[in-house]
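Worksheet: the structure to be examined is printed underneath.
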Amino acid sequence: MGNSRFGVHFSRPATIRHSSSNNRGKPRHIRQAPSANTEDGVNRAEDRFKYDFKEPLLDAGIANMFQVDENMLTVVENLSTGFRLSNGIAVYGPLLLVNNEAFTLKIPPPRPDAASGVVTNPLQLLDPEALKVLDVVTPKPELLVVGGGANISPLSPAARKYLTSIGLNVELASTRHASSTFNTLSEEGRNAALLVLPAGVSTD
């Protein structure tokens with residue numbers, strides 16, 4: 001894979017267990033994802049764009065963080081700079097969930113254009129290389145739910161073209177609504193994937 005403006009954050013995996021296909025699709029009681037502007041009681045609004053990436057960047061689009069056991073992997077809380085997942089792990093920065101696996105994407109936070117001052121949502125600059133996993137996983141998801149942070153954001157033309165080419169439908173929403181939609185689909189046994197920016201990301 002060639003050099004990309006989007007790097008990768010590789011985290012050490014948590015305890016790895018293989019998921020049980022016998023339990024896939026069974027409904028479970030999982031909290032839908034509320035929005036949150038605090039983490040552990042501390043207001044994080046002032047550092048909403050400061051992703052906590054501590055590992056060196058590698059030349060790839062995505063990295064497998066961990067696998068889970070028979071429990072479905074969903075979002076239980078939207079933090080301003082990340083997500084708390086149903087396995088108890090907090091993930092910071094943009095997140096991709098597919099087939100009970102979590103991937104973290106090194107997508108730069110929004111920055112104003114030097115000339116015009118216009119702020120562009122990072123999803124509008126998304127490199128399709130970061131989405132290649134969606135075409136190689138088995139089973140292949142039928143829908144990608146995309147959360148653009150505090151607001152809805154379109155994907156980059158290149159990313160949208162790539163998703164169309166692999167036959168993947170896309171639903172756009174704010175991160176809070178995208179997480180809740182993904183959770184509901186998972187409980188219903190639908191094979192959906194989730195791509196979300198942290199809820200605190202805004203271009204306003």
Side-chain angles (χ1 to χ4, degrees), residues 1-11 33 35 39 44-45 47-66 73 75 77-85 89-98 101-114 118-137 141 144-164 166 168 170-179 181-182 192-204:
M1 191 177 295
N3 291 330
S4 170
R5 63 178 296 171
F6 300 103
V8 179
H9 171 63
F10 275 59
S11 294
S35 76
E39 298 174 28
R44 300 297 186 191
D47 60 297
R48 58 184 177 173
F49 299 144
K50 296 178 182 178
Y51 302 151
D52 186 20
F53 293 107
K54 299 177 181 178
E55 298 289 332
L57 300 182
L58 301 178
D59 185 24
I62 50 180
N64 189 347
M65 291 178 61
F66 44 78
L73 188 60
V75 176
E77 188 175 8
N78 284 305
L79 308 174
S80 62
T81 57
F83 307 88
R84 199 175 307 281
L85 304 182
I89 293 177
V91 179
Y92 294 92
L95 175 70
L96 175 66
L97 294 182
V98 57
E101 297 186 48
F103 301 84
T104 182
L105 306 181
K106 184 61 175 178
I107 304 174
R111 297 185 180 92
D113 180 78
V118 175
V119 180
T120 301
N121 188 290
L123 292 180
Q124 294 177 270
L125 304 173
L126 183 61
D127 191 325
E129 287 294 320
L131 305 174
K132 295 292 187 179
V133 68
L134 296 171
D135 193 33
V136 298
V137 294
L144 177 64
V145 185
V146 178
N151 307 108
I152 298 173
S153 173
L155 294 171
S156 68
R160 193 64 187 248
K161 181 178 179 181
Y162 171 72
L163 293 172
T164 300
I166 63 173
L168 195 56
V170 176
E171 181 174 330
L172 302 177
S174 67
T175 286
R176 181 174 64 85
H177 286 103
S179 298
T181 297
F182 173 78
L194 176 69
L195 171 62
V196 277
L197 299 179
V201 172
S202 174
T203 57
D204 295 336

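Quick caveat: nothing in here was measured; it's all calculated off a predicted structure.
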**Prompt:** Do Pro110 and Val201 have side chains that get closer than 4.5 Å, going by heavy atoms?
**Reply:** yes
**Asked** Do Leu85 and Leu95 come close enough that some side-chain heavy atom pair is under 4.5 Å?
**Response** yes
**Message:** Please give me the minimum heavy-atom distance between Ala130 and Leu105, naming the atom from each residue.
**Reply:** O-CD2, 4.0 Å
**Check: Leu126 and Val146 side chains under 4.5 Å, non-hydrogen atoms** = no
**Message:** Rounded to the nearest 0.5 Å, what separates atom CZ in Phe103 from atom CG in Leu194?
**Reply:** 13.0 Å
**Request:** Please report the shortest heavy-atom distance between Pro141 and Leu168, naming the atom on each side.
**Result:** O-CD1, 3.0 Å
**Asked** Quick one: does Tyr162's side chain get under 4.5 Å of Glu129's, heavy atoms only?
**Response** no
**Asked** Just by distance, do the side chain of Asn121 and the backbone of Pro154 share a donor-acceptor pair under 3.5 Å?
**Response** no
**Request:** Mind checking the CZ-CG spacing from Phe83 to Leu97? Nearest 0.5 Å is all I need.
**Result:** 8.5 Å
**Prompt:** Under 3.5 Å, side chain of Ser156 to main-chain N/O of Leu125, donor-acceptor pair present?
**Reply:** no
**Prompt:** Distance from Leu131 atom CG to Leu195 atom CG, nearest 0.5 Å?
**Reply:** 6.5 Å
**Request:** Flag the pair Pro198 / Pro94 as yes when at least one side-chain heavy-atom distance between them is below 4.5 Å, and no otherwise.
**Result:** yes
**Asked** How close do Asn78 and Ala199 get, heavy atom to heavy atom, and via which atoms?
**Response** CB-CB, 4.1 Å
**Non-hydrogen side-chain atoms of Thr181 and Glu171 separated by less than 4.5 Å** = yes
**Item:** From Arg160 atom CZ to Leu123 atom CG, the distance as rounded to the nearest 0.5 Å
**Value:** 11.5 Å
**Fill in**
Between Ala159 and Pro128 the two heavy atoms that sit nearest each other are CA-CB, 4.1 Å
**Request:** Measure the shortest side-chain to side-chain distance between Val75 and Arg84 over non-hydrogen atoms and say whether it is less than 4.5 angstrom.
**Result:** no
**Complete:** Separation between CG (Leu172) and CG (Asn151), nearest 0.5 Å, reads 12.5 Å
**Prompt:** Looking only at heavy atoms, what is the nearest atom pair of Leu197 and Pro122, with distance?
**Reply:** CD1-CD, 4.0 Å
**Item:** For the student: nearest non-hydrogen atoms of Thr120 and Thr203, plus distance
**Value:** C-CG2, 3.9 Å
**Asked** Given Leu144, which of Val98, Ile166, Leu163 fulfils the side chain to side chain contact (heavy atoms under 4.5 Å, CB included) condition?
**Response** Leu163
